[in-house]
2 protein chains.
Amino acid sequence: MGTVSIKEVARLARVSPGTVSNVLNRPERVAPTTRERVRQAIRELGFVRHGSASTLRAGHSRTIGLSVMDIGNPFFTDVAAGAEDVASDLGYAVILGNSAGTRSKEERNLLVFAEQRVRGVLITPSDEALGPLDGLRERGISVVLVDHPAHRPDLCSVTVDDVAGGRLAVAHLLDLGVRRIGYLTGPRTIRQCLDRGRGAGQALAAAGLDPETVLETMEAPAMTARAGQEAAERLIASGRLPEAIFCANDLLALGVLRGLLQAGVGVPGDVALMGYDDIDFAAASAVSLSSVRQPTYRLGQIAAELLLEECGDPGAHAHRQIVFQPELVVRESTGGPGRTAATTRRRALTCSPAPKPRDSTLKEIR
Amino acid sequence: MGTVSIKEVARLARVSPGTVSNVLNRPERVAPTTRERVRQAIRELGFVRHGSASTLRAGHSRTIGLSVMDIGNPFFTDVAAGAEDVASDLGYAVILGNSAGTRSKEERNLLVFAEQRVRGVLITPSDEALGPLDGLRERGISVVLVDHPAHRPDLCSVTVDDVAGGRLAVAHLLDLGVRRIGYLTGPRTIRQCLDRGRGAGQALAAAGLDPETVLETMEAPAMTARAGQEAAERLIASGRLPEAIFCANDLLALGVLRGLLQAGVGVPGDVALMGYDDIDFAAASAVSLSSVRQPTYRLGQIAAELLLEECGDPGAHAHRQIVFQPELVVRESTGGPGRTAATTRRRALTCSPAPKPRDSTLKEIR
DNA sequence: CAGACCGCCTAACACGTTTTAATAGAGACC
DNA sequence: GGTCTCTATTAAAACGTGTTAGGCGGTCTG
């Protein structure tokens, strides 16, 4: 019914369909007067290019896929906002897929991306198996890893040094004088969790302490606030509360905080608490949360830039693995200044772009 | 290069391309043994259907578009999660667009949707102008409004009664005994803000009070925490703090809370504070936030169900305007029970599906 | 046993766009 | 006036899939 094609535009403008196509894609090849006549016809008929036909003929689309592990986590929506801003500036649309951290949903997302013949894919993989991604690349779909390092020279990645982040966090806790630390991690398949835990161990070793006796690792089934709260409740029931708890992300930490406070456990008085990511809500929580800040929005931006550069000219493109350095943010939950001190946090609680990181926080490899 | 088409599958399976197509789309029409032979060939070659060719030929795709006003607002990510779960169960992919509340980005999203020939569109419009949407519908793209009422019998919508929500909020504040209330709203073009303000006025009128003297409306340029904080700072600087502040959403309220606390203003002691949406972080904030709860995830689910029903059989489809009733949630910021009371909130702080609302909260019109 | 019917499959075209090679037309130069 | 160059346009052939009309055996029915 309603759908009007390039042919009808051509007829109205008294030119051939090919000329209409040229007006759309290479206007400089068309004489100004014809060009305007065609544009008028397009307006008049309300013509909208059929993206699928275009993709079919051109062999590729103007879309990229973005697969994240948790759409409910502000960390990932910040990344998505950064990527989308860059992509849409260059005329690309973003198809967003939520893998919810599961292998099967992730694969379903990738299948959709492949069927849609997206130009490229940004992905935070939920585990180390990159096989499906190589499958995409064989089909000519570029891939950039987000928040996951590519340990290979033929793949771009944008990450933040999670081992360093873990070190920062636990070194800070040790500075407080605590000597029994709990590490609440997410599922073991998640690299971020492992690296942050490894950094924690390094901080202990550097302080001459034995990780075995000082650090107790607890695994939550998901990296959500609910899981964090349940972990805290279990911990309280067991009667073996550590002096400090380091959580693998802020959502877990906010859940733990809630569980502790509801049980009457003081933070930081009885237990010091650290999160990770520094999501915007961390500064606004019941007891403001110490955390490890990452340049989240920037992560998405750079990833999209790398991807589109690679799509634009795969031959000339030099793959890069970019690593940012995280930053410690001390707040009340580890005895830092209270919220009445206006200096606690310069960045307002918001979801808009984070300030561009200082150059010193950026380290590029290769 | 790598891309393998239906023809090569056909050759390997020694059938015609049409049969392969049938295996993909109407397997029951193909004899079991041939079917299996074709499927084997598909696996062997790693064939992936070319979505664009399929869309081109079939005239429609297996995708829906979702345009939200703020991807950084947990309210909308919850809606998106609900919609995506339903859509992907039915084999549809979701293209997510962030309009950031601006007209121009919204129109860009709709253009992308139209070019992609999505099957339908879910949208929270940023203003009252539905013209572009009718344009879509003329092209055969179904539309369902999310969190925005369709005041027409030919359009589906899923909403929550914002006027009632505003009444609930302000009636509660009046119960506390306050007689000077500030209403911090977002841009005037946003319907939700207007309706919630209207409800606030109704609550005052019902209590025999004069809205003019009791309620002072302040407009923030955006519905973010940053804007909320800045509004609070301006208010403090002006020296005219009301006894209570009702914010048009929780992000604004969290920002206001932050601004007040940093300036040493007590909540709820000096100023009572109410948000709207009851996002998961509202219960975990510095002073836990009273709010108006909406069945967010459910909103997305139902919207997607309506949309796909309409897409499936536009003839038989009866348009419906569904209205949920919101629910008051009283917490510390209006003198409710502190967080040590385990009964404050049944639902854990998390981003997973909200419990299905009780039937009494659902009211369906027409 | 003829004819109708059925299940399964194939051949061929159509979908709307992009692109390439070819064509027409207008000057410009000798 | 003829040829050459350059520009503006066109015709036609793809791209990979879905669908429709029909063909080919074989089986059932009267």
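Residue numbering restarts at 1 for every chain, and letters A, B, ... go by the order of the sequence lines.
- Looking at heavy-atom distances under 4.0 Å, A/Ser5 makes contact with sugar-phosphate atoms alone, never a base.
- Taking 4.0 Å as the cut-off between side-chain N and carboxylate O, A/Arg11 and A/Glu44 do not count as a salt-bridged pair.
- An end-to-end axis angle of 50° holds for the helix from C/dC1-D/dG30 to C/dC30-D/dG1, taken from five base pairs per end and rounded to 10°.
- First and last contacting nucleotides of DNA chain D toward chain A (any atom under 4.0 angstrom from a heavy atom, 5' to 3' order): D/dA8 to D/dG16.
- Of the possible donor and acceptor atoms, one in the side chain of B/Gln321 sits under 3.5 Å from a partner among the backbone N and O of B/Leu155.
- Between B/Asp78 and B/Arg298 no salt bridge is recorded (no basic side-chain N to carboxylate O distance below 4.0 Å).
- Taking atom CG on A/Leu56 and atom C1' on C/dT18, their separation rounds to 10 Å, with Å as the unit.
- Between the CZ atom of A/Arg57 and the C1' atom of C/dT18 there is a distance of 5 Å, given to the nearest Å.
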Check nucleotides 5-11 of chain C against the protein and report each pair of N or O atoms closer than 3.5 Å, with its distance, or say if there are none.
{"residue": "C/dC9", "atom": "OP1", "partner": "B/Thr34", "partner atom": "OG1", "Å": "2.2"}
{"residue": "C/dC9", "atom": "OP2", "partner": "B/Ala31", "partner atom": "N", "Å": "3.0"}
{"residue": "C/dT10", "atom": "OP1", "partner": "B/Ser16", "partner atom": "N", "Å": "3.3"}
{"residue": "C/dT10", "atom": "OP2", "partner": "B/Ser16", "partner atom": "N", "Å": "2.8"}
{"residue": "C/dT10", "atom": "OP2", "partner": "B/Ser16", "partner atom": "OG", "Å": "3.1"}
{"residue": "C/dT10", "atom": "OP2", "partner": "B/Thr19", "partner atom": "OG1", "Å": "2.5"}

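- Panel note: side chain A/Arg26, backbone A/Val23; no donor-acceptor pair is recorded below 3.5 Å.
- Rounded to whole Å, the distance from NE2 on B/His50 to C1' on C/dC15 is 13 Å.
- In this structure, the CZ atom of A/Arg62 is 12 Å from the P atom of C/dT18, given to the nearest Å.
- A donor atom on one side chain and an acceptor atom on the other are not found under 3.5 Å apart for B/Thr159 and B/Ser157.
- When atom types are taken as modelled, the side chain of A/Arg35 and the backbone of A/Pro27 share a donor-acceptor pair closer than 3.5 angstrom.
- With respect to B/Arg320 and B/Glu309, a salt bridge is recorded, a charged nitrogen being found less than 4.0 Å from a carboxylate O.
- Within the 4.0 angstrom heavy-atom criterion, only backbone atoms of the sugar-phosphate kind lie near A/Ser54; the bases stay farther away.
- One finds no salt bridge joining A/Asp134 and A/Arg139 here, because no Lys/Arg side-chain nitrogen approaches an Asp/Glu carboxylate oxygen to under 4.0 Å.
- Ion pairing of A/Asp154 with A/Arg137 is present here, as a side-chain N (NZ or NE/NH1/NH2) and a carboxylate O approach within less than 4.0 Å.
- Defined by atom type and a distance below 3.5 Å, a donor-acceptor pair is missing between the side-chain atoms of A/Arg37 and A/Gln40.
- Counted by atom type alone, B/Gln192 and B/Asp147 present one or more donor-acceptor pairs between their side chains at under 3.5 Å.
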